[in-house]
Every structure is written in structure tokens, then in C-alpha cells.
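Each remark here refers to the structure printed beneath this line.
Please read these numbers as outputs of a predicted model, since none were measured by experiment.
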Amino acid sequence: KGVEVEYDTLTLEWRTVEGANVYTVRIRKEDMSTTTATVSKNSYSLDTLEPGKYYISVTAVSPGGEVIDSLPSDEIEFVREEETGLVFKLINGGKEYEVVDKGSATGVITIPSEYRKKPVTSIGDNAFRRCTGLTSIEIPSSVSSIGYRAFSWCTSLTSFEIPDSVTSIGADAFYGCTGLTSIEIPSSVSSIGERAFRGCTGLKAISISQ
């Protein structure tokens, strides 16, 4: 009992068991393959696990090598999600995530609505700046703000749809996006920063919903 996953850090944690010398972590994958690890503290990193579903239990062992009766724990389910390559940062007191960098992502990018069990609510300043390999991006309805120069000089960006959840677009957000030909701004957007579309030489139409 007391075994849980801290999703922000992908760390397995459990209560210290009196008399325990070490703990054995048993990780069973959905295909029934099993691995074990022995640690001397009451936490274990799950960061190296490949994407998939796992069932995890912890056993406390005494200095003499005996299993302590209060454990092994019940198995808990843990799902390691597929990483997007994007870089995220916790914001709003650790309640939400912001996309802060493209990381290894390129080409057609989909921003998830959740990351490590918390909503993704904003695209940060300069997050995709000069990401010249970006051709299309899908933004979830969880996002409410697009930051300063978030997509500036994304010269290959040809497709962009702003969801109804977005309320603000930062200054220079699409500065120099020469590949954009049209964009529709939903009625939910209450503020657009200066020069948001400056240098978008291919932009022929901007539609603003009422």
C-alpha cells in the first residue's frame, strides 16, 4: 500500500516500511514480461521505461533478507505515454503545462491536450521560433494562449487552425511565416499583439469570426 506514481517526474514512490533494508520493485509489462530492481530508498525512476502499460508492485526486505509482511504491495497500473519530442514546463503552481520548445519535433506536429496527467494550456514565448521544418501543427482545445514570437519565422508552416479555446495571441506570434496563405481567428480571441502577422508575405486572407 502507499505506492503511487508522481507523473511530473515519472517517479514511483511509496511509504517507508519500518525494518526494511531494501525494496524490490517488480515491473510487469502488458505482454507479461517482468523486470525487477532493488533499491535502498523509497522511490524509483520510471523515466527509462518504453511507452506502454505496466503493472508495478513493491516488496520490502529486511536486513536479514526476509520479505516483510506489510508488502509486497498491490499492483498499480502505470501507462507510459508516447513522447512527442516537445519540451514542456509546469506553470500555474504546477497545475498545468506550457509548451516551451519544439525539442526534436518537426514536420507535422500535434500538441497533446494533456501531458503527464495535466492539461497543456499555453504555447510559450519563442516556443517554435525558427522551426523551419514545421509544416503543420494541431493545437488542442485545452490551449488558451499563444505567446510572443511563438511561431515566428516558421517559413514552412502552411496550415494553421486556432481553436476556439484561445483567448490571446502574443506580439510577433507569426512574424515572418511566409508560407501561410490564410488564417481564421475565432471569436474567443480577445487580444492580438502587435505585428502578429508582420512579414507573412504569402498571407492573402485573415478571417475573424464574430
Discussion item. Tell me whether the count of non-hydrogen atoms from other residues, nucleotides or ligands lying under 6.0 Å of CD in E50 goes above 12.
Written reply: no
Discussion item. In the structure I gave you, are the side-chain heavy atoms of L90 and Y97 within less than 4.5 Å of one another anywhere?
Written reply: yes
Fill in: Backbone of E13 reached by a side-chain donor or acceptor of S43 within 3.5 Å
no
Worksheet item: Would you say the side chain of T158 lies within less than 4.5 Å of the side chain of T181, judging by non-hydrogen atoms?
Response: no
Discussion item. Do V100 and F88 have side chains that approach each other closer than 4.5 Å (heavy atoms only, starting at C-beta)?
Written reply: no
Fill in: Test item: I139 and I162 side chains (from C-beta on) under 4.5 Å apart, heavy atoms
no
Worksheet item: So, for L134 and S136, which heavy atoms are closest and what is the spacing to 0.1 Å?
Response: CD1-O, 3.4 Å
Worksheet entry | Connected via hydrophobic side-chain network under 4.5 Å: L86 and I146 | yes
Fill in: Any I137 side-chain heavy atom under 4.5 Å of F128 side chain
yes
Worksheet item: Measuring from R26:CZ to Y55:OH, what's the distance to the nearest 0.5 Å?
Response: 12.5 Å
Practice prompt. Assess the side chains of S122 and E98: does a donor N or O sit below 3.5 Å from an acceptor N or O?
Written response: yes
Worksheet item: Are the side chain of S168 and the backbone of S145 linked by a donor-acceptor contact shorter than 3.5 Å?
Response: no
Worksheet entry | Nearest-0.5 Å distance that lies between atom CD1 in I56 and atom CD1 in I27 | 5.0 Å
Worksheet item: Yes or no on side chain to side chain contact (heavy atoms under 4.5 Å, CB included) for L49 and K29, after CA distance, side-chain angles and deciding distance?
Response: CA-CA 10 Å; L49 292 180; K29 202 170 182 180; over 6 Å; no
Fill in: Side-chain H-bond candidate by donor/acceptor type, S33 with D31, under 3.5 Å
yes
Discussion item. Other residues, nucleotides and ligands only: do more than 12 of their heavy atoms fall within 6.0 Å of CD on E83?
Written reply: yes
Item to complete: Tell me whether the centres of the aromatic rings in F78 and Y7 are closer together than 6.0 Å.
Response: yes
Discussion item. Distance check, rounded to the nearest 0.5 Å: I111 atom CD1 versus S113 atom OG?
Written reply: 11.0 Å
Worksheet item: Counting distance only, does the side-chain N/O of N42 pair as donor-acceptor with the main-chain N or O of W14 below 3.5 Å?
Response: yes
Worksheet entry | Beyond-backbone contact of T121 with K95, side-chain heavy atoms, under 4.5 angstrom | no
Practice prompt. Specify the closest pair of heavy atoms between C200 and F174, including all atoms of both residues, with the distance to one decimal.
Written response: SG-O, 3.1 Å
Practice prompt. Report yes if some heavy atom in the side chain of T84 is under 4.5 Å from a heavy atom in the side chain of Y115; otherwise report no.
Written response: no
Discussion item. Within the supplied structure, the quantity of interest is the number of heavy atoms (other residues, nucleotides, ligands) at a distance under 6.0 Å from K89 NZ; does it exceed 12?
Written reply: no
Worksheet item: Under a single-linkage definition using a 4.5 Å side-chain heavy-atom cutoff for Ile, Leu, Val, Met, Phe, Trp and Tyr, are I192 and V166 assigned to the same hydrophobic cluster?
Response: yes
Worksheet, complete the sentence: Note: G199 and T178 closest approach over all heavy atoms is O-CG2, 3.6 Å
Worksheet entry | Rounded distance (nearest 0.5 Å) linking atom OG1 of T38 with atom OH of Y44 | 9.5 Å
Worksheet item: Salt-bridged, R116 to E81, with N to O below 4.0 Å?
Response: no
Worksheet item: If you measure from CD1 on I206 to CZ on F197, what distance do you get to the nearest 0.5 Å?
Response: 5.0 Å
Worksheet item: Among the clusters formed by ILVMFWY side chains lying less than 4.5 Å apart, do F151 and V108 turn up in the same one?
Response: no
Discussion item. Once rounded to the nearest 0.5 Å, what's the spacing between atom CG of D74 and atom OG of S57?
Written reply: 9.0 Å
Fill in: Joint cluster assignment, V39 & L12, ILVMFWY side-chain distance < 4.5 Å
yes
Response to the item:
In terms of heavy-atom contacts, S156 and T132 come closest through OG-O, 2.7 Å
Practice prompt. Write out all pairs satisfying salt bridge (charged side-chain N to carboxylate O under 4.0 Å, His left out) with one or both partners inside residues 162-187, taking only residues at least two apart or from two chains.
Written response: R149-D172, D172-R195
Discussion item. Is there a continuous path of hydrophobic side-chain contacts, each under 4.5 Å between heavy atoms, that joins V189 to I208?
Written reply: yes
Discussion item. Within the 4.5 Å heavy-atom criterion, are V17 and V58 side-chain neighbours or not?
Written reply: no
Fill in: Which atom of E114 lies closest to which atom of K117, heavy atoms considered
OE1-CA, 4.3 Å
Worksheet item: Does L10 offer a backbone N or O that forms a donor-acceptor pair with the side chain of D47 under 3.5 Å?
Response: no
Item to complete: Search all heavy atoms of S188 against all heavy atoms of P163 and return the closest pair with its distance.
Response: OG-O, 4.0 Å
